[in-house]
Amino acid sequence: QVQLVESGGGLVQAGGSLRLSCVASGTLLRGNVMGWYRQAPEKQRELVATITGGGSINYADSVKGRFTISREDAKNTISLQMNSLKSEDTGVYYCYVYQLGRQYWGQGTQVTVSS
């Protein structure tokens, strides 16, 4: 079992910043993929950013240059630093792990950006 717990969501004005954290527990592999997805109201869940144990990172075009994903394997933690937030960044943000052919999801943390 892999369990993921997110924190750091909240309400922020456009142009502001938030930092999300996700702590994973269970059996975590160094070669897994970890990341963040989000789901805006009435929309499908979409990729925000992923990071591998080797340091390969992918960002959605909509967040590139504004968000930074990082991984601290000693603490089984990933973070998402979100700067220059826009109203369209509003949604529930989910921590994600992919390993051994299985996907794991956190419960989500709400991010609301007011404009």
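Between atom CG of residue Leu4 and atom CD of residue Gln107 there is a gap of 8.5 Å, rounded to the nearest 0.5 Å. Note that NZ of Lys43 and OG1 of Thr90 are 10.0 Å apart. Values are rounded to the nearest 0.5 Å. The CG atom of Leu18 sits 9.0 Å away from atom OG1 of Thr109, with the distance rounded to the nearest 0.5 Å. With rounding to the nearest 0.5 angstrom, the CG atom of Leu85 is 6.0 Å from the OG atom of Ser17. Separation of atoms NZ (Lys64) and CD1 (Ile57) is listed at 11.5 Å; rounding is to 0.5 Å. Between the CG atom in Leu20 and the OG atom in Ser7 there is a gap of 8.0 Å [rounded to 0.5 Å].
Remark: the Gln110 side chain and the Thr112 side chain contain an N/O donor-acceptor pair separated by less than 3.5 Å. Remark: the Asn83 side chain and the Arg19 side chain contain no N/O donor-acceptor pair separated by less than 3.5 Å.
In this structure, Gln39 has no side-chain hydrogen bond (donor to acceptor under 3.5 Å, both in side chains) partners at least two apart in sequence or on a different chain. Residues passing the salt bridge (charged side-chain N to carboxylate O under 4.0 Å, His left out) test with Glu46, sequence neighbours excluded: Arg38.
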Could you please spell out the steps behind the side chain to side chain contact (heavy atoms under 4.5 Å, CB included) verdict for Val111 and Met82?
-> CA-CA 10 Å; Val111 172; Met82 305 186 294; 4.0 Å; yes

I would like to know whether Tyr104 and Gln3 meet side chain to side chain contact (heavy atoms under 4.5 Å, CB included); could you show each step before the answer?
-> CA-CA 7 Å; Tyr104 302 89; Gln3 295 178 326; over 6 Å; no

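Cluster membership for Ile51 and Val2, using ILVMFWY side-chain heavy atoms within less than 4.5 angstrom, is shared. Clustering ILVMFWY residues whenever any of their side-chain heavy atoms sit less than 4.5 angstrom apart, transitively, puts Val12 in the very cluster that holds Tyr93. Two different hydrophobic clusters hold Val33 and Leu80 under the rule that ILVMFWY side chains link at heavy-atom gaps under 4.5 Å.
In this structure, Val97 and Asn32 approach most closely via the heavy-atom pair CG1-ND2, 3.9 Å.
For Trp36 and Tyr94, the ring centers sit 6.0 Å or farther from each other.
Checked for salt-bridge contact, Arg71 and Asp73 meet the test: a charged N lies under 4.0 Å from a carboxylate O.
No donor-acceptor pair under 3.5 Å is formed between the side chain of Ser62 and the backbone N or O of Ala60. Looking at Gln13, its side chain never comes within 3.5 Å of a backbone N or O of Ser114 through a donor-acceptor pair. Although no hydrogens or angles enter the test, the distance criterion places a donor-acceptor pair under 3.5 Å between the side chain of Glu6 and the main chain of Cys95. At least one donor-acceptor pair closer than 3.5 Å links the side chain of Gln99 to the backbone N or O of Thr27. Using a distance-only test at 3.5 Å, with no hydrogens or angles considered, a donor-acceptor pair links the side chain of Tyr59 to the main chain of Ile69. Between the Arg66 side chain and the Ser84 main chain, a donor and an acceptor come within less than 3.5 Å of each other.
With contacts defined as side-chain heavy-atom distances shorter than 4.5 Å, the pair Gln81/Phe67 does not qualify.
Classified by interplanar angle (parallel below 30°, tilted 30° to 60°, perpendicular above 60°), the ring pair Trp105/Tyr37 is perpendicular.
No more than 12 heavy-atom neighbours from other residues, nucleotides or ligands sit within 6.0 angstrom of OH on Tyr98. Under a cut-off of 6.0 angstrom, the local environment of CD in Gln44 is sparse, with at most 12 non-hydrogen atoms contributed by other residues, nucleotides or ligands.
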